Amino acid sequence: MIHYKSKEEVEIIRTSALLVSKTLGMLAAEIKPGVSPLKLDKLAETFIRDHGGIPGFLGMYDFPNSLCTSVNEQVVHGIPTKKPLENGDIISIDCGVFMNNYYGDHAYTFEVGDVSDEIKQLLRVTHESLELGIAACRVGNRIEDIGHAVQTHAEKHGYGVVRELVGHGLGKSMHEDPQVPNYGRRGRGKKIKEGLVVAIEPMINMGTHRVKHLSDGWSIVTMDGKPSAHFEHDVAVVDGNPVVLSTFDYIYEAIGTPEYVKAFSR
Ligand code: MG
Ligand code: MG
C-alpha cells in the first residue's frame with residue numbers, strides 16, 4: 001500500500017534527506033586515493049549523529065555499517081572495507097538517515113583521482129538518467145514512465161540497466177511501496193498521485209545489465225566485471241510536479257560542479 005504524504009510530512013522527509021546530502025558533501029572532501037571506505041563510514045556515522053540523526057542503514061536487515069560503499073564493478077550494497085581507494089576508481093556512496101521518524105536515502109558516485117573518459121561518460125549518462133526519471137515523476141504519468149525514461153536514455157548509450165534492484169517509496173520506512181524500477185513501459189504501473197515520495201535511483205552498468213551477489217552476502221557486482229554507477233535522489237510530488245528533497249549541491253561545493261552537470265538543466 002502506498003502512503004501518500006502531507007506537505008508537512010514532505011518537509012520532515014526533506015530534513016532527513018538534507019542531512020544525507022550534507023553527509024555526502026562532507027565525505028566528498030575526504031575521497032582521494034589512499035583513503036579507505038571504512039574510514040569514510042566512520043566519518044559519516046559520527047557526522048550523522050552529531051547532527052541529530054541516526055544512521056539509517058546501520059542494523060537494517062543486519063547491515064553492519066552506516067554507508068554502502070560500492071567500488072568500480074560493485075553496483076550497490078558494498079560493505080566498507082579497509083582496502084584503500086586507488087586513483088581511477090569510482091565509488092558509489094549510498095547513505096540513509098532516520099530523523100524525526102522519517103528516512104532520507106540518497107547516493108552519489110564519486111571519482112577517485114583521475115578517471116578515464118569512458119567512466120566519465122558512464123557517470124554523465126547515469127546522472128542524466130536520474131534527472132530524466134525525476135522529470136517523469138509527475139501527476140498524469142504512471143510509475144513505469146519513470147523507469148522508461150531512465151532505461152531509454154541509458155540503453156541509447158549501450159549501457160545495461162540493472163533489473164534486480166529498484167527505487168522505492170520512502171517515509172516512516174526506508175523501503176515502502178511502490179517499487180520504482182529503472183526500466184519499464186510507457187503508461188504502465190500505478191498512477192502517480194499528489195503526495196507520492198520516492199527514491200529514484202538508476203543503477204547503470206557500462207556493460208551487461210546482469211549482476212551477481214558476492215559471498216559476503218551483501219555486495220552486488222556486475223557479471224562482466226565492468227564498472228557500474230549509481231545516483232539517487234528523494235523526490236516528492238507536490239502540486240503535481242516533482243520536487244527533489246535531497247541535493248548534490250553540498251558535494252559540488254566541496255569538489256566543484258562536474259561539467260556534465262553544468263551542461264544539463266532540469
Ligand atoms: Mg540509497
Ligand atoms: Mg534507496
Side-chain angles (χ1 to χ4, degrees), residues 2-3 5 10 13-28 37 40-41 44-45 47-48 53-71 74-80 90-99 102-110 123 126-127 129-131 133-134 137 143 146-147 150 161-184 196-204 211 218-220 228-237 242 244-248 250-251:
I2 300 176
H3 297 281
K5 276 77 180 179
V10 167
I13 298 171
R14 188 198 296 271
T15 309
S16 299
L18 286 178
L19 181 49
V20 181
S21 304
K22 288 170 189 167
T23 305
L24 294 175
M26 177 277 295
L27 293 172
L40 300 174
D41 179 70
E45 178 173 358
F47 186 88
I48 291 166
I54 295 169
F57 295 170
L58 187 63
M60 175 172 283
Y61 316 119
D62 291 329
F63 189 76
N65 294 89
S66 298
L67 299 178
C68 294
T69 55
S70 306
V71 179
Q74 291 186 321
V75 179
V76 286
H77 300 171
I79 295 179
I90 50 172
I91 178 171
S92 154
I93 297 188
D94 195 349
C95 180
V97 157
F98 184 67
M99 199 162 61
Y102 288 84
Y103 282 94
D105 170 25
H106 78 123
Y108 188 88
T109 300
F110 295 88
L123 298 179
T126 306
H127 179 268
S129 297
L130 170 61
E131 291 291 346
I134 290 169
C137 185
I143 291 292
I146 298 170
V150 169
V161 176
V162 175
R163 304 294 201 275
E164 286 84 347
L165 299 135
V166 296
H168 49 91
L170 181 78
K172 288 184 175 171
S173 299
M174 173 80 77
H175 297 122
E176 297 185 354
D177 287 338
Q179 291 199 341
V180 184
N182 294 304
Y183 55 92
L196 181 76
V197 178
V198 287
I200 301 177
E201 49 179 317
M203 291 156 248
I204 307 297
V211 298
W218 281 105
S219 310
I220 291 169
S228 180
H230 176 216
F231 291 89
E232 177 178 24
H233 267 318
D234 299 335
V235 181
V237 177
V244 183
L245 305 177
S246 45
T247 176
F248 295 144
Y250 296 102
I251 295 170

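For the single chain, residues carry numbers from 1 onward in sequence order. When a ligand or atom number is given, it counts from 1 through the structure's own listing order. Remember, it's a predicted structure, so these values are computed and weren't measured experimentally.
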Distance check, rounded to the nearest 0.5 Å: [X] atom [atom1] versus [Y] atom [atom2]?
X	Y	atom1	atom2	result
Ile48	Phe57	CD1	CZ	9.0 Å
Ile134	Ile200	CD1	CD1	5.5 Å
Ile251	Ser21	CD1	OG	7.5 Å
Ile13	Met99	CD1	CE	12.0 Å

- request: Write the atom name of the N, O or S atom in Asp105 that is nearest the Mg ion (ligand 2).
  value: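 Looking at Asp105, the N, O or S atom with the least distance to the Mg ion (ligand 2) is OD2.
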message: If I consider every N, O or S atom in Glu232, which one ends up closest to the Mg ion (ligand 2)? I only need its name.
response: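 Of the nitrogen, oxygen and sulfur atoms in Glu232, the Mg ion (ligand 2) lies nearest to OE2.
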- prompt: Does the shortest distance from the Mg ion (ligand 2) to an N/O/S atom of His106 fall below 2.8 Å?
  reply: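 So His106 does not count as coordinating the Mg ion (ligand 2).
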query: Within less than 2.8 Å of the Mg ion (ligand 2), any N, O or S from Asp94?
result: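 Looking at Asp94, which is the residue asked about, there is no N, O or S atom under 2.8 Å from the Mg ion (ligand 2).
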query: Any sub-3.5 Å donor-acceptor pair from Asp105's side-chain atoms to Asp234's backbone N or O?
result: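 Not at all, since once roles are kept as given, no pair shorter than 3.5 Å links the two residues.
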- prompt: Got a sec: is Glu201 within less than 2.8 Å of the Mg ion (ligand 1) via an N/O/S atom?
  reply: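 No.
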